Q: 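The following block contains the structure, expressed as structure tokens.
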Amino acid sequence: MARSAGGPSSFRPRPGSIPESPGVYRFRDAHGRVIYVGKAKSLRQRLNSYFADFSAFHPRTQSMLTTAADVDWTVVGTEVEALQLEYSWIKEFDPRFNVKYRDDKSYPYLAVTMSEDFPRVQVLRGAKRKGTRYFGPYSHAWAIRETVDLLLRVFPVRTCSAGVFKRAGQIGRPCLLGYIDKCSAPCVGRVTPEQHRELAEDFCDFMAGNTSRFIKRLEREMREAATEQEYERAARLRDDIQALQRALEKQAVVLGEGTDADVIALAEDPLEAAVQVFYVRGGRIRGQRGWVVDKVEETTPGELVEQFLLQMYGEAGADAIPREVLVPALPPDAEAVTELLSEQRRARVDVRVPQRGDKKSLMETVERNAKESLAQHKIRRAGDLTTRGKALQEIADALDLDQAPLRIECYDVSHLQGENVVASMVVFEDGLARKSEYRRFAVRTKEGDVASIHEVIMRRFRRYLEERSATGELAADDDAHGPIDPETGKPRKFAYPPNLVVVDGAGPQAAAAQRALDELGIDDVSVCGLAKRLEEVWLPGDDQPVIMPRASEGLYLLQRVRDEAHRFAITYHRSKRAKTVKESALDGVPGLGPARRQALLKHFGSVKKLREATVAEICEVPGIGPSTAEVIASTLKGESQ
């Protein structure tokens, strides 16, 4: 490892100290935060290239090297191990200079909740949930709903919410979909749970591409009904077949039946790249999705493809990886990537560039989509970057700051009549929320919001000073790890100071925050308060507020920061209050301490379920004997009467 803070030449490793083995390396900034992770077949050759001709580098590579203060590395045995370690470090440290693909929009999926007793078909966005089958993604939610509406005629699976399902069961009458035969109405027992699950599995099979057996079965039943002169039933089956065929028409046939492939295409310029993926299952396009990425250094298409495959399939299940992955350029370590994907899929995966025929034509179509996506993104991004830059500069001008506040922390206090007092700390970097840095506090003082703000600021910045001191940053120790905990390898909780502290409130709250910083001897952090009533900005010690134009981007950013802190504080306060209400019901049980109260709540989930439990069921909780169980049961039943 090398460490310094005077540009790349000052922390260049000693000659011969870098091994020639394959491995993964990390560049860190002066605070110890990991800013870039890379891998190499030969660590010596790769790292030495960073300390060659600085002027020849891509501007963003130059920026990374001037930001860096040290570099370290880990030797691995194979290129596959290097890929795995690189992916895990990028995920763990979230380095600012690494290529990170982000969705250019939030894509909807068709989801079937197979983990529920009565699986439900619905449209979902965001993170995938365990036990749920996903199909898509789709470009528009309405496209999913049209498909579902057609398929419910043949596979009448539940689509209602848990509340509607429960209410229908209580009153013994299904909803409208049950009356028009687009739901099998398991809520009122028209079908058994097993029959309903079979319908859901058939729905999933059809969506997964196993379509022909359902259409053939319905055609056979239609012919049998016509032979037996059941013409109404035959007509209904004919309409079912037409509904399935219309659903299939919405999914274009692009490749041979039985072809499972993800088709990936790139469009790029010197600064950014867009990726589009078409998901082909059973020869039909089942979904489409797009990503965009900032290019940190001069990167080849193959390197972009490699990073994308690692991030896309890094934690994917075996069923999410197809037999074929068609790409515009092979990754530099194509064999290692193929081996890694094959291990995850537990079957052979082919990563290749299509050269001719239908697959080549489809790749060209996906590439046109990628180019259009990049063009649209650049239009949106230009407005977004300009707006955020303008907002930060307006704040700096209004508060007379030396520079734009690239890191803003906002604090809010929440309580109910002075009880369960909590506070939140939210962080915005470059005008965007950084939720991994959010913190929350259980406030000890009971003397009002001003005293609470003083306490929270004292605690937060005392921790900052302690962690700087503990890591040797104040002593300028060359072996210090900065804000990275050397035991866990993760960032410390309060390691990074803000440029600006915003408190929810007016002059008194801002003055309390400033007083806390003064008492700690911190003089390089600015403070302001934002009052809700007139959206006035208050500086500590000023008799009059700073009036920012109501339509200014700077005021709008401060409002968003303040509102996010308020939301985060309210969420914590509600959860703490609910926990207090739960525990208070058990306070009256003689001889029941905090540990056993917590064990009871963990076992039963709520006081209501505990109150309904028998003495024998209460005895199942570790540490609860028969006599104690009887006391608990009698006390809780007495409270409910």
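Side-chain atoms are counted along with the backbone in the values below, which use heavy atoms only and exclude waters and symmetry mates. Quick caveat, the model's predicted, so the values are computed rather than measured.
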Q: List for me each residue that meets side chain to side chain contact (heavy atoms under 4.5 Å, CB included) alongside Glu268, sequence neighbours excluded, and say none if there are none.
A: Ala273, Lys295, Pro301, Leu304
Q: Looking at Val24, is its backbone amide N or carbonyl O close enough to the side chain of Thr74 to form a donor-acceptor pair, meaning the two atoms are under 3.5 Å apart?
A: no
Q: List the atom of Ser452, the atom of Val413, and the distance in Å for their closest heavy-atom pair.
A: CB-CG2, 3.9 Å
Q: With a 3.5 Å distance limit and no angle check, can you tell me whether Thr113 reaches the backbone of Arg120 through a side-chain donor-acceptor pair?
A: yes
Q: Trp73 and Leu47: which non-hydrogen atoms are nearest, and at how many Å?
A: CE3-CD1, 3.7 Å
Q: How long is the straight-line distance from CG of Asn98 back to CD of Glu86, given to the nearest 0.5 Å?
A: 7.0 Å
Q: Would Arg560 pass as a cation-pi partner of Tyr556, given that its NZ or CZ must be under 6.0 Å from the six-membered ring centre and within 45 degrees of the axis?
A: yes
Q: As an exercise, state the distance from CG of Asp563 to CD1 of Ile570, rounded to the nearest 0.5 Å.
A: 11.5 Å
Q: Could you please spell out the steps behind the side chain to side chain contact (heavy atoms under 4.5 Å, CB included) verdict for Arg463 and Glu466?
A: CA-CA 5 Å; Arg463 285 287 300 277; Glu466 288 171 357; 3.7 Å; yes
Q: Can you give the donor-acceptor pairs under 3.5 Å from side chains of residues 501-514 to other protein atoms, not counting sequence neighbours?
A:
unit_1: Asp504; atom_1: OD1; unit_2: Lys532; atom_2: NZ; d: 3.2
unit_1: Asp504; atom_1: OD2; unit_2: Lys532; atom_2: NZ; d: 2.4
unit_1: Gln509; atom_1: OE1; unit_2: Ala506; atom_2: N; d: 3.1
unit_1: Gln514; atom_1: NE2; unit_2: Asp518; atom_2: OD1; d: 3.0

Q: To the nearest 0.5 Å, what is the distance between CD (Gln311) and CD1 (Ile90)?
A: 6.0 Å
Q: Measure from the side-chain N and O atoms of Arg388 to the backbone N and O of Asp430, and report whether any donor-acceptor pair falls under 3.5 Å.
A: yes
Q: Given the rule in the side chain to side chain contact (heavy atoms under 4.5 Å, CB included) test, do Ile457 and Leu520 qualify, once you have shown the distances and angles that lead to the verdict?
A: CA-CA 10 Å; Ile457 298 296; Leu520 293 171; 5.9 Å; no
Q: Ring-plane angle category for Phe27 and Tyr50, please: parallel below 30°, perpendicular beyond 60°, tilted otherwise.
A: perpendicular
Q: Mind checking the NZ-OH spacing from Lys39 to Tyr25? Nearest 0.5 Å is all I need.
A: 9.0 Å
Q: Closest heavy-atom contact between Gln288 and Tyr279?
A: N-CD1, 3.8 Å
Q: Are the side chains of Val427 and Arg407 in touch, meaning some heavy atoms are under 4.5 Å apart?
A: yes
Q: Under 3.5 Å, is there a donor-acceptor pair between the side chain of Glu553 and the main chain of Lys390?
A: no
Q: So, using ring pair (Phe, Tyr, Trp, His ring centres under 6.0 Å) as the criterion, who are the partners of Phe165 when residues are at least two apart?
A: Phe118
Q: Short question: side chain of Thr571, backbone of Arg567 - any donor-acceptor pair under 3.5 Å?
A: yes
Q: Tell me, please, which residues at least two apart from Arg434 pass salt bridge (Lys or Arg N to Asp or Glu O under 4.0 Å).
A: Asp94, Glu429, Glu437
Q: For the side chain of Tyr134 and the backbone of Arg129, is there at least one donor-acceptor N/O pair under 3.5 Å apart?
A: yes
Q: Only distances under 3.5 Å count here; give the side-chain donor-acceptor pairs of residues 395-406 to other protein atoms, sequence neighbours excluded, each with its distance to 0.1 Å.
A:
unit_1: Asp397; atom_1: OD1; unit_2: Gln393; atom_2: NE2; d: 3.0

Q: I'd like to check Leu555 versus Leu530 (side-chain heavy atoms, cut-off strictly below 4.5 Å). Are they in contact?
A: yes
Q: So does Val443 get a backbone contact from the side chain of Glu455, meaning a donor-acceptor N/O pair under 3.5 Å?
A: no
Q: Looking at CZ of Phe568 and CE of Met425, how far apart are the two atoms once the value is rounded to the nearest 0.5 Å?
A: 9.5 Å
Q: Of Tyr313, Trp291, Tyr87, which is the lone residue that meets ring-ring contact (aromatic ring centres under 6.0 Å, His included) with Phe308?
A: Trp291
Q: Side chain to side chain contact (heavy atoms under 4.5 Å, CB included), that's the test. Do Met312 and Arg289 meet it? Break it down for me.
A: CA-CA 11 Å; Met312 180 177 176; Arg289 192 172 181 182; over 6 Å; no
Q: Would you call Asp72 and Arg28 a salt bridge, using N to O less than 4.0 angstrom?
A: yes
Q: For Gly431 and Leu557, work out which heavy atoms get closest and say how close.
A: O-CD1, 3.9 Å
Q: Can you see which heavy atom on Pro497 is nearest to which on Arg460, and at what distance?
A: CA-NH2, 4.2 Å
Q: Excluding sequence neighbours, so at least two apart, what forms ring pair (Phe, Tyr, Trp, His ring centres under 6.0 Å) with Phe51?
A: Phe11
Q: How close do Met548 and Gly554 get, heavy atom to heavy atom, and via which atoms?
A: CE-C, 3.8 Å
Q: Nearest 0.5 angstrom please: Arg439 CZ to Glu409 CD, how far?
A: 9.5 Å
Q: Give the intermediate values and the outcome of side chain to side chain contact (heavy atoms under 4.5 Å, CB included) for residues Leu266 and Val305.
A: CA-CA 8 Å; Leu266 285 169; Val305 167; 3.9 Å; yes
